[in-house]
Amino acid sequence: MDNNLILTHLDAGVLTITLNRPDRLNSFNDEMHRQLAEALTLAERDEAVRCVLLTGAGRGFCAGQDLNDRTVNADQQAPDLGLSVERFYNPLIRRLTALPKPIVCAVNGVAAGAGAALAMACDIVIAADNANFIQSFCKLGLVPDSGGSWFLPRLAGHARAMGMAMLGDKISAHQAQAWGLIWQVVDGGELAAHTQALARHLATQPTYGLGLIKKAIYSAATNTLDQQLELERDLQRLGGRSDDYREGVSAFFAKRPPVFSGK
């Protein structure tokens, strides 16, 4: 599926999804949301997809919402921004975090507002050394959305979350890594190759089990210890019934590399 605003390419089990509005720093409008939703449906339904790689075209990753679609004029009624969040951004974040397949995010430039939250909703985030992250909502009298107010304190801690959200300062890729917002920083010229190699590796791994890991880690944010222990038991039971577990054990005893089917 090669649409104007979202590009997709499936190869070696990796579905690469590229945000493609480079002239607007890949900021979202309604049509871009719809096309991204179609790409995620492909990721969810196609068994050939074992890993998703999300990135942006041009010099930016995603600048969040395109404000040209949310203009405010003195003689017009103010737009209902909550409706936009409910209709587009909340379903997007829910789908990313619930997708039972790993998602690698290659942040190739600025990630601002909802664009920063979009990156944080992915499983493994790798940024170019010239990328930066900005919680720009406070500059407009708004609050972090798209899960931003949930991810920030959990990843960076309360004090850093408050500073980022209230000051809107630009956070470098290296600072984001030091604060635990992202996994890794690489040279900008190596980002595409590095993240593609990582995604291809993940596409050969036990996909079903990786999906269970996602569920366990996200559930830990709200579970008590007892609830989490019970969930681990249940998920381990499911993992132990998978084809990949059998293959992994067989390969271990045969002293050969495993060939996982993702099931």
Side-chain angles (χ1 to χ4, degrees), residues 1-11 13-58 60-70 79-125 136-137 142-151 195-196 199 202-203 207-208 210-211 214-215 218 262:
M1 180 178 64
D2 282 345
N3 295 327
N4 288 332
L5 306 183
I6 296 293
L7 305 177
T8 61
H9 177 69
L10 177 59
D11 183 53
V14 177
L15 179 66
T16 301
I17 300 176
T18 304
L19 310 178
N20 189 41
R21 295 188 75 210
D23 57 320
R24 302 294 301 174
L25 290 176
N26 301 317
S27 58
F28 277 97
N29 60 15
D30 291 358
E31 179 58 25
M32 184 170 163
H33 272 294
R34 283 187 281 268
Q35 293 184 22
L36 181 54
E38 292 177 9
L40 291 177
T41 297
L42 174 63
E44 292 164 347
R45 297 179 180 177
D46 192 340
E47 292 186 356
V49 177
R50 300 275 297 277
C51 181
V52 172
L53 174 58
L54 179 64
T55 191
F61 171 67
C62 179
Q65 175 63 43
D66 188 342
L67 295 181
N68 288 316
D69 276 16
R70 301 290 185 267
D80 184 350
L81 300 186
L83 180 62
S84 175
V85 169
E86 181 64 25
R87 180 178 296 168
F88 295 117
Y89 289 101
N90 286 355
L92 170 59
I93 301 305
R94 290 187 178 112
R95 292 183 78 179
L96 291 173
T97 55
L99 184 71
K101 301 172 183 180
I103 305 174
V104 176
C105 182
V107 181
N108 54 300
V110 64
L118 176 64
M120 290 187 287
C122 297
D123 303 319
I124 299 179
V125 185
S136 49
F137 299 95
L142 301 177
V143 302
D145 62 21
S146 308
S149 65
W150 190 91
F151 289 114
T195 53
Q196 188 66 226
L202 288 169
T207 310
Y208 180 72
L210 298 181
K214 287 184 64 168
K215 185 171 184 179
Y218 276 115

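The analysis underlying the following values was restricted to heavy atoms, covering all of them including side chains, and did not include hydrogens, waters or symmetry mates.
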request  = Could you walk me through whether L210 and R50 pass the side-chain contact (heavy atoms from CB on, under 4.5 Å) test, one step at a time?
outcome  = CA-CA 10 Å; L210 298 181; R50 300 275 297 277; over 6 Å; no

inquiry  = Given L19, which partner from the list T55, N108, L118 fulfils the side chain to side chain contact (heavy atoms under 4.5 Å, CB included) test?
reply    =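 Exactly one option meets the side chain to side chain contact (heavy atoms under 4.5 Å, CB included) with L19, and it is L118.
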
Less than 4.5 Å apart, any side-chain heavy atom of [X] and any of [Y]?
X    : Y    : answer
D66  : M32  : no
W150 : D145 : no
L5   : N20  : no
D123 : V104 : no
Q65  : L81  : no
K214 : I103 : yes
F88  : D30  : yes
I124 : L202 : yes

Nearest-0.5 Å distance, [atom1] of residue [X] to [atom2] of residue [Y]:
X    : Y    : atom1 : atom2 : result
L53  : H9   : CG    : NE2   : 11.0 Å
S136 : L142 : OG    : CG    : 9.0 Å
T18  : N26  : OG1   : CG    : 9.0 Å

Looking at [X] and [Y], what are the two nearest heavy atoms and their distance?
X    : Y    : result
P22  : G58  : CB-CA, 4.1 Å
L40  : R95  : C-NH2, 3.5 Å
A203 : V14  : CB-CG2, 4.0 Å
V125 : A119 : CG2-O, 3.1 Å
Q35  : I6   : OE1-N, 3.2 Å
P91  : E86  : CD-O, 3.2 Å

ask   = How about R34: does its CZ atom have over 12 heavy atoms from other parts shown lying under 6.0 Å from it?
value =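 Atom CZ in R34 is crowded, with more than 12 foreign heavy atoms closer than 6.0 Å.
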
Heavy atoms of other groups near K215 NZ, more than 12 under 6.0 Å =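 Counting other residues, nucleotides and ligands, NZ of K215 stays at 12 neighbours or fewer.
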
request  = Report the C-alpha separation of F28 and R21 in whole Å, then their side-chain angles, then the decisive distance to 0.1 Å, and conclude whether the side-chain contact (heavy atoms from CB on, under 4.5 Å) test is met.
outcome  = CA-CA 8 Å; F28 277 97; R21 295 188 75 210; over 6 Å; no

request  = For the pair Y218 and F151, name the ring-plane relationship: parallel under 30°, tilted 30 to 60°, perpendicular over 60°.
outcome  =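 Perpendicular: the ring planes of Y218 and F151 meet at over 60°.
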
request  = Could you give me the CA-CA distance, side-chain angles and deciding distance for L54 and C122, then say whether side-chain contact (heavy atoms from CB on, under 4.5 Å) is met?
outcome  = CA-CA 8 Å; L54 179 64; C122 297; 3.9 Å; yes

query = Between L15 and T8, is a side-chain contact (heavy atoms from CB on, under 4.5 Å) present by the stated rule, with each step listed?
reply = CA-CA 7 Å; L15 179 66; T8 61; 4.0 Å; yes

key: Main-chain N/O of V49 paired to K101 side chain as donor or acceptor, under 3.5 Å   =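 Between the backbone of V49 and the side chain of K101 there is a qualifying donor-acceptor contact (under 3.5 Å).
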
message = I'd like to know if the side chain of S84 and the backbone of D80 have a donor-acceptor N/O pair within less than 3.5 Å.
response =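 Absent.
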
